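Take a look at the structure set out below.
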There are 2 protein chains.
Amino acid sequence: MNATDPQPGAARPHTGRRRNEAAHRAILDAALRLLAESDGTPVTIDAIARTAGVGKQTVYRWWPSKGAVLLDALSARADQDVAGPDSGDLRADLRAFVATTFDAAQQDTSASALRALVREAARDPHLADLMQTFTATRRTALRELLVRGRERGQLPGDADLDLIVDQVYGVFWYRFLLGHAPLDADAADRLAASLVAGAQ
Amino acid sequence: MNATDPQPGAARPHTGRRRNEAAHRAILDAALRLLAESDGTPVTIDAIARTAGVGKQTVYRWWPSKGAVLLDALSARADQDVAGPDSGDLRADLRAFVATTFDAAQQDTSASALRALVREAARDPHLADLMQTFTATRRTALRELLVRGRERGQLPGDADLDLIVDQVYGVFWYRFLLGHAPLDADAADRLAASLVAGAQ
DNA sequence: TGATTGCCGAGACTGTTAGTCTTGTCAACG
DNA sequence: CGTTGACAAGACTAACAGTCTCGGCAATCA
């Protein structure tokens, strides 16, 4: 130890080769493409690295796990408007919110990518955590939409807002993952109507 | 080829050692125990065989895949009454059905086993198929309950019964898998009331 | 009783994948 | 030009599903 030793944590001028932003983007692009093309088979890190023309170590230099890469790839694309609609009419707002949610997941590129992501999350607790954080913003937006409706007297004061939120996202994920029934504008319309009427 | 050759497919008297029923049961018991104890880590065939005191080949002699073993282990326990309640009052029937469904999944032994099973199904298409068949009987029972209600005039003729079914099972699986909100009698009550009122 | 048949436990083996480690190269900076 | 650290390539380890092989043993039949 002498006076020229760097302080631990002190800002030391960067030396050496800089990180390659192009490689970063190439990895995300490759991950998204592979997620979208995934036909039920899991997306492998080897495939991502090879598609991006990058060494595996470079992937792990930027992200801690495969799940983190996949989620990052998808969130980059789903750079969504978090604010819910606010027209003054609860039923219309709810209908618009649900329709938007349903519609976003039907975009062909996102759909299979999102399904693949859920499959990965099922056995990667770290990714499951990241996804919960990610989806929490949408849940919150929906809940605030409902609170506004309740304050306007369009929902009874004792309505179970959490149950309504779970009905929306429960139906959404259930149909999205099983694919046995449509997630179209008509379904959104009926669901919104049923929820508003059911809470009275 | 001569006259003493066995006919293909002809019933030939069984020879050789018989299958060991005790091993069969030991495997199911081991699978169920490991599923229940699974703390998020996947249940392996090696572990099942070792716990059951059995060779891996014996497992594969009785079941075609790991998923089949797991599902069989759980279905053996969930030997359910498929018939839905039929009191003449839709709201009461629906409430009872939902409460029963919620309650069955809260049994501590089944709960983590079922969660582990869903995780396995996420990456084993064969198991996912088996599970859909398995859950279809419950969905059908619920739908028939709703049809009876509609025939009694307790639901409008144009009510979207499939949407109601999906609202029940959507909320159920969503809360069951995420564990962020309760699946208790009160939730069942509110959900049933909301669905009947919402369909009017 | 002894031969045949087919299940049994044990565990070696193959193929796949996540994540780590190694090697030689190359770019940034002093 | 020397030091540093990112880079591509790919070897390596550890799990795991599913297959294969082996010697042993139980049920049946001649």
Side-chain angles (χ1 to χ4, degrees), chain A residues 4-6 11-27 30-31 34-35 38 40-71 116-117 119-128, chain B residues 4 6 10-27 30-31 34-35 38-71 116-117 119-128 130:
Chain A
T4 65
D5 278 348
R12 185 172 55 72
H14 185 277
T15 59
R17 185 177 183 169
R18 303 310 169 79
R19 288 194 176 184
N20 183 353
E21 286 296 331
H24 184 278
R25 275 194 309 277
I27 291 166
L34 290 174
L35 273 176
S38 160
T41 52
V43 176
T44 71
I45 284 281
D46 265 296
I48 294 174
R50 216 169 331 108
T51 304
V54 139
K56 277 208 305 180
Q57 190 55 254
T58 303
V59 177
Y60 283 104
R61 210 186 308 278
W62 292 78
W63 294 273
S65 72
K66 187 177 76 157
V69 182
L70 298 182
L71 183 66
L117 194 63
R119 277 196 301 273
E120 299 288 341
R123 70 173 164 136
D124 180 347
H126 183 237
L127 175 57
Chain B
T4 65
R12 186 171 56 72
H14 185 277
T15 58
R17 186 176 184 169
R18 303 309 170 79
R19 289 193 174 184
N20 183 352
E21 286 296 332
H24 184 279
R25 277 194 308 278
I27 291 167
L34 290 174
L35 272 176
S38 160
D39 58 339
T41 52
V43 177
T44 71
I45 284 280
D46 265 298
I48 293 174
R50 216 172 327 108
T51 306
V54 137
K56 276 207 304 179
Q57 191 55 253
T58 301
V59 178
Y60 282 103
R61 210 185 309 277
W62 293 77
W63 294 273
S65 72
K66 188 178 75 157
V69 182
L70 299 183
L71 184 65
L117 193 65
R119 277 196 302 271
E120 300 286 342
R123 71 170 163 140
D124 179 346
H126 183 236
L127 175 57
L130 292 175

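Values in this document were obtained by computation on a predicted structure and should not be read as measured data. Numbers restart at 1 for each chain; the letters A, B, ... are given by sequence-line order, proteins then strands.
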Which whole-number value in Å describes the distance from A:R50 CZ to C:dT17 C1'?
12 Å
Does the side chain of B:R61 get closer than 4.0 angstrom to OP1 or OP2 of C:dC8 through an N or O atom?
yes
Ignoring backbone atoms, test whether B:T58 places a side-chain nitrogen or oxygen under 4.0 Å from the OP1 or OP2 oxygen of C:dG9.
yes
Round to the nearest Å and state the distance from A:K66 atom NZ to D:dA15 atom C1'.
14 Å
Non-hydrogen side-chain atoms of B:I48 and B:L70 separated by less than 4.5 Å:
yes
D:dT4 phosphate, OP1 or OP2, under 4.0 Å from A:R18 side-chain N/O:
no
So, applying side chain to side chain contact (heavy atoms under 4.5 Å, CB included) with A:E120, which one of A:L127, A:L35, A:L71 is it?
A:L127
Separation of D:dC16 atom P from B:E120 atom CD, nearest Å, is 11 Å
Nearest-0.5 Å distance, CZ of residue B:R123 to CZ of residue A:R123
4.0 Å
When you measure only distances, ignoring hydrogens and angles, does the side chain of B:K56 come within 3.5 Å of the base of D:dG18 through a donor and an acceptor?
yes
How close or far is atom P of D:dA8 from atom CG of A:N20, stated in whole angstroms?
7 Å
What is the distance, to the nearest angstrom, from the CG atom on A:L34 to the C1' atom on C:dT17?
15 Å
Closest-nucleotide mapping onto DNA chain C: is A:T44 or A:Q57 further toward the 5' terminus? I mean the 5' end.
A:T44
Backbone of A:L34 reached by a side-chain donor or acceptor of A:S38 within 3.5 Å
no
Checking all strands, does A:V43 fall into the base, sugar-phosphate, or nothing category for heavy-atom contacts under 4.0 angstrom?
sugar-phosphate
Reading DNA chain D from 5' onward, which residue's closest nucleotide shows up sooner: B:D124 or A:A23?
A:A23
Could you tell me how far apart A:Y60 (OH) and D:dG10 (P) are, to the nearest whole angstrom?
18 Å
Could you check whether B:W63 gets within reach of a base, just the sugar-phosphate, or nothing at all, counting any heavy atom under 4.0 Å?
nothing
Counting C-beta onward and ignoring hydrogens, is there a side-chain heavy-atom pair between A:K66 and A:D124 closer than 4.5 Å?
no
For A:R17 and D:dC7, what is the distance between atoms CZ and P respectively, to the nearest whole Å?
7 Å
From CG of A:D46 over to C1' of C:dA18, roughly how many Å is that when rounded to an integer?
9 Å
